[in-house]
Enquirer: 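Let me begin by handing over the structure; questions about it come next.
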There are 2 protein chains.
Amino acid sequence: MTGTAGAEVAAVDRGAANDEAFARLARCRPRLVDVAPALDVVPGMTESTILTSGAPLDWPAYREVHRAAILGGAVYEGLADSAEHADAMLARGDIDLQPCHDHGCVGSVAGVYTASMPVLVAEDPVTGARSFCTIYEGPQRERLTYGVYNPAVADNLAFIRDVVGPVLKAALQAGGPIDLFTAARRALLAGDELHSRNTAATLFFIRELLPRIAGLDAGDPGRVRQACEFLRQGDLFFLHLGMALAKLTADRARGIAGSSVVTAMAASCREFSIRVSGLGDEWFRAPVPVAQAKVFEGFSQSDVAPMPGESLIMETIGLGGSAAAAAFALRGYSGSTAERMIQQSLDAYQFSVGEHPELTIPYFGGRGTALGIDIFRVLETGIVPKMHAGVATRTGGHIGAGILAAPMDCFRQAAQRYREVYPG
Amino acid sequence: MTGTAGAEVAAVDRGAANDEAFARLARCRPRLVDVAPALDVVPGMTESTILTSGAPLDWPAYREVHRAAILGGAVYEGLADSAEHADAMLARGDIDLQPCHDHGCVGSVAGVYTASMPVLVAEDPVTGARSFCTIYEGPQRERLTYGVYNPAVADNLAFIRDVVGPVLKAALQAGGPIDLFTAARRALLAGDELHSRNTAATLFFIRELLPRIAGLDAGDPGRVRQACEFLRQGDLFFLHLGMALAKLTADRARGIAGSSVVTAMAASCREFSIRVSGLGDEWFRAPVPVAQAKVFEGFSQSDVAPMPGESLIMETIGLGGSAAAAAFALRGYSGSTAERMIQQSLDAYQFSVGEHPELTIPYFGGRGTALGIDIFRVLETGIVPKMHAGVATRTGGHIGAGILAAPMDCFRQAAQRYREVYPG
């Protein structure tokens with residue numbers, strides 16, 4: 001029952017379709033089942049594929065952070081000798097650039113996936129469906145996803161490939177899958193909104209890892225210890241696990257005829273775009289907005305680049321900016337206040353189908369998080385989703401965090417198409 | 001400069017003395033440096049010593065939960081063959097029953113320490129001062145500290161003694177001390193108030209443990225894994241680390257001539273009592289109040305026993321009930337509301353000398369936690385500290401949580417003594 005652009009569907013019950021979308025979103029319980037090279041597990045991945053964030057653009061349109069990350073990925077993977085070489089290959093189509101979302105993936109910032117990069121494999125135990133996300137590179141300012149490629153970035157990616165990925169894989173093999181949903185649920189009670197703040201979720205994940213790590217690989221404890229040290233540094237490690245969880249969850253609601261629920265929000269360096277359950281895989285696009293950012297010392301708002309990124313999948317399922325009232329500690333990071341964070345979460349209920357039965361916000365006395373963005377509610381209320389996002393400079397590097405408002409135009413276009421597809 | 005009951009001190013500057021107490025409380029940064037049997041590290045501990053919570057009582061006055069825990073401890077330690085035998089030995093003084101607080105210790109609930117029990121050793125890196133707390137028994141309802149002694153309780157205590165304690169000691173030896181202050185500071189940003197909720201603090205502690213555990217004791221990984229599984233169960237594991245931290249902190253402010261700052265709050269099964277910095281080690285006692293409790297299913301308010309306990313050391317340094325606004329998720333556990341939790345924390349500022357420079361409450365926009373309870377401010381405002389406490393039945397066992405109000409009479413008596421000692 002995929003509601004593609006065909007006009008054969010005459011009259012649909014939008015309410016019932018959205019209830020079904022909501023029910024599917026609400027019942028997904030992702031687990032981390034494996035960590036493996038993208039080539040081995042991501043559908044459609046080849047040795048010369050690069051996945052990247054956002055609705056696809058022609059190669060020459062990629063710019064700044066986004067362009068630099070793709071070129072860096074090509075060189076890191078050994079597909080090209082230099083950025084210039086990679087540029088020529090991408091222009092000729094010798095490197096197959098594809099959108100993450102079409103391969104069960106979501107991209108952090110530029111979202112570059114190459115064949116050898118290890119990916120976190122999330123699985124829905126009921127349907128067996130899977131989604132994927134790369135491993136968080138760490139808290140340092142310079143990272144491939146933020147458009148920086150240099151020897152330090154390459155060494156770190158190789159360390160993730162050769163040490164972190166294999167140790168995580170071995171731990172999962174030793175002790176079985178790790179329940180990501182429970183980590184996310186408990187983290188909301190411990191000050192995370194699961195986009196800009198993942199401190200508690202990372203810790204819950206580490207706690208599950210602890211007995212799986214104890215006594216692991218006694219022949220080479222040094223490697224296990226190095227991987228543990230890596231995990232210990234980054235309070236955002238869980239973000240990429242959360243993104244895999246959110247992608248898996250959002251995908252459960254794809255393709256329900258008549259549903260006006262948003263199933264993806266993504267950005268490239270040019271465009272912000274959304275997908276809608278009953279409208280197939282079409283992207284509804286608008287120019288990408290620039291985040292209202294709080295930048296690290298030494299930078300200013302004028303340094304903030306138009307940013308690619310698909311961590312907005314967190315807001316797609318009602319977390320991140322929509323769950324701001326769960327994470328008052330973010331005040332310092334995103335420049336907001338407790339009052340504004342509360343209002344932002346109350347606003348999210350206005351444009352959503354319902355409230356999650358298990359993911360809750362303590363300040364609201366256990367009220368569920370907003371779930372199921374309905375494009376028609378966005379248009380009726382005039383309230384768009386607000387997203388917590390990292391921000392980069394035009395020349396690359398992580399320099400702060402901000403709040404990004406989804407462009408209303410995406411919802412307007414989607415509603416127009418909905419009326420064409422479902423004229424009832 | 002211990003301000004004991006001598007009347008030789010003529011005129012003191014109470015404000016300056018309280019500022020000094022505040023400064024000492026504010027600068028203590030405890031670390032966990034060792035885990036060792038009480039006999040080896042606790043000052044004054046002997047093979048026949050039992051430490052227990054609260055200002056000391058004559059043996060026949062101990063009742064219910066408190067009495068049962070002491071008798072159980074004596075049998076567990078092998079000091080007596082049976083509860084009856086232990087009772088007779090305690091009556092004769094053959095078992096030396098002592099208050100925890102006089103030995104650098106604080107007791108959870110009945111707070112029974114025996115010679116072989118491993119204790120967490122917290123150290124102030126500046127002064128080298130130490131404090132101690134037993135290891136949390138786990139989340140099961142029946143525990144020695146809650147007045148239950150049976151084969152399962154004994155087995156669990158033996159497991160803690162033989163596995164958990166030694167593994168923690170080995171981890172510290174392998175990787176060095178663990179910073180408890182930082183764990184507490186970050187936990188306040190992650191939904192803990194550090195008395196009834198220690199979820200995040202426990203996780204931060206586990207994260208520090210992770211690289212110390214990796215590759216540890218490869219000869220017997222089973223034991224390490226068992227210890228890790230134990231740590232993974234209990235969200236309150238950090239409470240006893242927090243109590244050691246708080247005792248060490250509160251003790252820094254002891255014995256400042258002229259200071260009216262509270263340095264201990266403790267309860268036995270009969271009395272609630274406080275100590276005051278400028279008044280030496282005298283306890284100011286009042287009948288112990290019963291907590292307004294939310295009990296687990298199957299129990300009612302009439303099951304709630306008058307409870308011993310010294311985890312009130314958390315509120316003594318402005319955490320727990322005074323930091324309720326940091327932990328909205330406790331609503332379900334303690335039966336309060338977000339509004340009441342905010343008010344409870346605002347109230348704490350009324351009776352305190354100042355605000356902690358580093359321990360902060362996110363909802364208040366990074367305002368420091370209340371620090372330094374001043375007995376005169378309590379009397380002037382009529383507001384007493386409210387404490388988050390576990391609750392037990394009269395027959396033993398953990399059955400819920402509640403809010404305990406410190407009796408005003410303790411503060412009245414202390415103020416009267418203060419005026420005698422410092423007539424200026």
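The structure displayed is predicted, hence computed values, not measured ones. Numbers restart at 1 for each chain; the letters A, B, ... are given by sequence-line order, proteins then strands.
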Enquirer: Looking only at non-hydrogen atoms, find the nearest pair between A:Pro362 and B:Ala329 and report the distance.
Expert: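 Reported closest heavy-atom pair: CB-N, 3.5 Å.
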
Enquirer: Could you tell me which portion of B:Phe204 (side chain, backbone, both or neither) has an atom closer than 4.5 angstrom to a non-hydrogen atom of chain A?
Expert: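 Answer is both: backbone and side chain atoms of B:Phe204 are under 4.5 Å from chain A.
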
Enquirer: Looking at chain A, which one of B:Gly222, B:Gly366, B:Pro211 has the largest number of heavy-atom pairs inside 4.5 Å, strictly under?
Expert: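 Heavy-atom pairs under 4.5 Å are most numerous for B:Pro211.
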
Enquirer: Which distance, rounded to the nearest 0.5 Å, do you find between the OG1 of B:Thr199 and the CG of A:Leu203?
Expert: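 It is 11.0 Å, given to the nearest 0.5 Å.
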
Enquirer: How far apart are the closest heavy atoms of A:Leu189 and B:Arg197, and which atoms are they?
Expert: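 Closest pair (atom of A:Leu189, atom of B:Arg197, distance): O-NH2, 3.2 Å.
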
Enquirer: Counting only heavy atoms closer than 4.5 Å, note whether B:Ile361 contacts chain A via side chain, backbone, both or neither.
Expert: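 Neither part.
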
Enquirer: For B:Ala338, is it the side chain, the backbone, both, or neither that has a heavy atom closer than 4.5 Å to a heavy atom of chain A?
Expert: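 The side chain, not the backbone.
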
Enquirer: Taking it one step at a time, do B:Tyr363 and A:Tyr363 satisfy ring-ring contact (aromatic ring centres under 6.0 Å, His included)?
Expert: CA-CA 9 Å; B:Tyr363 178 78; A:Tyr363 178 77; 5.5 Å; yes

Enquirer: Measuring heavy-atom distances to chain B, does A:Ile342 have an atom under 4.5 Å in its side chain, in its backbone, in both, or in neither?
Expert: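 Side chain only.
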
Enquirer: How far does CD1 of A:Ile206 sit from CD of B:Glu208, to the nearest 0.5 angstrom?
Expert: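 Spacing of CD1 (A:Ile206) from CD (B:Glu208) equals 9.5 Å.
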
Enquirer: If you tally heavy-atom pairs under 4.5 Å against chain B, which of A:Ala187, A:Cys228, A:Gly191 wins?
Expert: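 Option with the greatest count: A:Cys228.
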
Enquirer: How long is the straight-line distance from CZ of A:Arg207 back to CG of B:Asp235, given to the nearest 0.5 Å?
Expert: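 One finds 5.0 Å between CG of B:Asp235 and CZ of A:Arg207.
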
